[in-house]
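Working notes, beginning with the structure itself.
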Amino acid sequence: MFYSIKNCYFKLLLSVILLSISITCIAQGAKKTKDTSVAKILVAARNYGDSIVVRWAPGNAVLWMHSNNKGYLFKRIVFIDNDQNKKTQIIAKDSFTVKVWSEKEWGEHFKQTNDTNLAVAAEFLYGHVNSKSMKSTKEGFGNIYDQYLEQQNKYGFALLLSDINFRVADGLGLRFVDKQKVNSSYSYLYVISSLADKKQVKSEPAYILVKGNSKLYKKDSFPAVSFIPGDRVIQLKWYNAIVNDKKFSAFLVEKSEDGKHFYKTSNLPFIGIESKNAPASKNKETNPPTVFSDSVKENYKKYYYRVTGIDAFGNYSIPSKVIIVKSIDLTPPVAAEITALKENGGKMKINWKKSLIEKDFKGFVIGRSDNFKGPFIPLTKTILAPGVNEFVDDSPLIYKPNFYIIATVDTAGNISRSSPKLGVINDSIPPGKPEGLTYTIDSMGHVALHWHWGKEPDVAGYLVYFSNSMAERFIPVTKGILADSVFYDSVQIKSLTKKIFYKIYAVDRAKNTSEASEVVTVVKPDIVPPLPAVISKFNVTDTSVYFEWNRSASEDRYKQIVYRKDSTNGGWKKIKELNANEWFYSDFSVQSACQYYYAIETLDSNYNSSGKSFPLQVYVYKVLTFPALTNLKVGLANAENKIIVSWDKPPQKVSRYLIYKTLNNSVLELVSSFEANNETSYEYTCSEKGAYTFSVKAIYESGKHSILATSDAVFIK
């Protein structure tokens, strides 16, 4: 039979795509019907001006096989719309049956065209490639499934060939050319129905309307083609979608070695299988790119390519712009092998060998890294010649590992490298003296030492030593090398020694030990409260209470707090905080005819409290006051920053004078209290710049006192 002589061609196609294939751009636009048991016919049409071409495809393999027996009913209705009365006038109406070609017709067309696609299509209709011819040994359901796959493959190939070859579409009864001249005032309605037995397969007719004034078909230009050169391989890439939302079903890839004479890379059109991993096009309407690979004989030789697209109507696009491509050498040379690494005098000698010297071999590059995985830094500025097999590293890493590789390079820049090997350098240089040793300690005796990690990259850790006295030997407190810059210790707080001493040593990976750090002196926290103060003297007037005390004998006293309570509320209140060296206080906030209690609390530097001192009990009597001192004057002394305060001697006998000052109109502050021995002046040393005013009060032996006398301001610049 005619179709049997082309059976090998059919098997070649069948091996390319096994199970299913996209059934043209017509089928890709299909919508699912509500009833899945009803098959649809998919249709498209194109206006050529002198004719209209209608293409259709059955929606599944079953409908296709049954329609091949009975054919399709093709109806054509030509009408014109009357815009004035909105009525449609039918100009022509006819119908006829479109059937597949007979075996004889297929043979005649093949003899005329010698088109092998016709032979393949004939195989789909009249050939019989069953499961046995596919060497299947399955029985029962397995054999039925093989037959199902065979039907699906025939169906898919038939529609594909109809896309890329209009003669096949004619022969399979899937195309009709309406050759009447298209009138721009008319509209053309086409209805295609399957004549298959409705009991065997249900189907719906397809409708398509073509207006005579619709846009005429114009041959499209193929989109730009890009390329990726490989090793004796050229990979072409393009985006399938083009202008007017059209899509190609297959492609004709042509090649030339001189840029003038092009030939097909294959007798068959290339079926574009889109790359799933390729990046999407910038145009949201397009699909991922189509990729075509071609083998070439020679690298670095110019090859010329162009691509033509074939659409669902069998039309060929304008070829793409010719691109010029060269394949490149991507095969690296055989790797070298390091045979010896030897350290001598702080230098590293490297020897290697290479089993094969290729024609395009260029030479060696030595690489070094402190990590087995790299990155490796080149040690040579130029490539070593192919005959070299020895190199000396004059400055290997002292504080880090030295891993070496030998990279082999060819004239195309391809590189292969040897396995990394470790070269060991003898290290006798100790790390630097540890710096930045500090400490913290809490009330429980928990000590934390901190220091800076050494700058040397080969520091392995530290040794910590301590002593209770600088006169005693330091002993280690770490059992081994501490791989940290923090150390925690615990010391006894309640002991005769108030201090403890630490120092540390750095140790590198080669066990070299540094000099000792500076000794840090850890002062143990003070948990013993200071001794209380003792109030020794006091003086009471009707407006104030003045008292003095013996300060706490503890050397670490930090500050003093004055407390007061009265007979009305009975509770102690803090009225003043004083520094550790003050020893008297005047309370001017008292009221006459009231009883008061005073006490002093001393705090040390760790805020340990002495508790309140033995209280002073006083009673403020209501007494009369004498007039203020007269002729109160202030002036600058000859000495720098000293002020002389003077007044007239009062007629009454004075027991004590109280001197007050203000600075820049601040709060009145008692600065001196002294027993009167006929003094009528006072010298004050200023510690700050500003405007000073002074007030003086006399306490008489009768217990009465004078009204406060205040001076004019004097300025210290």
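Nothing here was measured: the structure is a model prediction, and the numbers come from that model.
By the 6.0 Å contact criterion, NZ on K301 is enclosed, its count of non-hydrogen atoms from other residues, nucleotides or ligands being greater than 12. Counting heavy atoms of neighbouring residues, nucleotides and ligands inside a 6.0 Å radius, atom NZ of K104 does not exceed 12 of them. Applying the 6.0 Å contact sphere to NZ of K255 captures more than 12 heavy atoms from other residues, nucleotides or ligands.
Put simply, the side chain of S369 never gets that close to the backbone of F403: no donor and acceptor are under 3.5 Å apart. Panel note: side chain S226, backbone K237; a donor-acceptor pair is recorded below 3.5 Å. No donor-acceptor pair under 3.5 Å is formed between the side chain of S416 and the backbone N or O of P332. Of the possible donor and acceptor atoms, none in the side chain of S67 sits under 3.5 Å from a partner among the backbone N and O of S194. Judged purely by atom type and a 3.5 angstrom limit, S419 has no side-chain atom pairing as donor or acceptor with the backbone of E337. Remark: side-chain polar atoms of Y300 are paired, donor with acceptor, to backbone N or O of D329 under 3.5 angstrom. For E105 (side chain) and S102 (main-chain N/O), a donor-acceptor pair under 3.5 Å exists by modelled atom type. Side-chain N or O atoms of W106 include one that pairs as donor or acceptor with a backbone N or O of W101 at under 3.5 Å. At least one donor-acceptor pair under 3.5 Å links the side chain of S256 to the backbone N or O of H261. No side-chain donor-acceptor contact under 3.5 Å links T380 to the backbone of I383.
Scored by the salt bridge (charged side-chain N to carboxylate O under 4.0 Å, His left out) test, E358 finds K354 as partners (sequence neighbours excluded). The side-chain hydrogen bond (donor to acceptor under 3.5 Å, both in side chains) search around D410 returns N414, not counting sequence neighbours. Here R232 pairs with nothing under the salt bridge (charged side-chain N to carboxylate O under 4.0 Å, His left out) rule; sequence neighbours left out. For F74, the ring-ring contact (aromatic ring centres under 6.0 Å, His included) test picks out W56, F96, F176, Y190, with sequence neighbours left out. A search for salt bridge (charged side-chain N to carboxylate O under 4.0 Å, His left out) contacts involving E108 returns nothing, not counting sequence neighbours. For D50, there are no salt bridge (charged side-chain N to carboxylate O under 4.0 Å, His left out) partners at least two apart in sequence or on another chain.
Taking the side chain as every heavy atom from C-beta outward, K154 and Q151 never approach each other to under 4.5 Å. Inter-residue side-chain proximity for H66 and D197 is flagged as unmet; no heavy-atom pair is nearer than 4.5 Å. A 4.5 Å side-chain heavy-atom check between Y207 and I41 finds every atom pair outside the cut-off. Taking the side chain as every heavy atom from C-beta outward, F157 and V120 never approach each other to under 4.5 Å. Here the side chains of F270 and L236 are not in contact, with every heavy-atom distance at 4.5 Å or above.
Nearest heavy atom pair, residue I234 against residue K326, reads CD1-C, 3.8 Å. Between N183 and Y188, the shortest heavy-atom distance links the atoms N-OH, 2.9 Å.
Judged by distance alone, the side chains of S214 and N47 do bring a donor and an acceptor atom under 3.5 Å apart. Side chains of D294 and Y305: a donor-acceptor N/O pair is present below 3.5 angstrom, by distance only.
A salt bridge does not link R55 to D311: none of the charged nitrogens lies less than 4.0 Å from a carboxylate oxygen.
In this structure, F251 and W238 have perpendicular ring planes: the angle between them is above 60°, well past the 30° mark.
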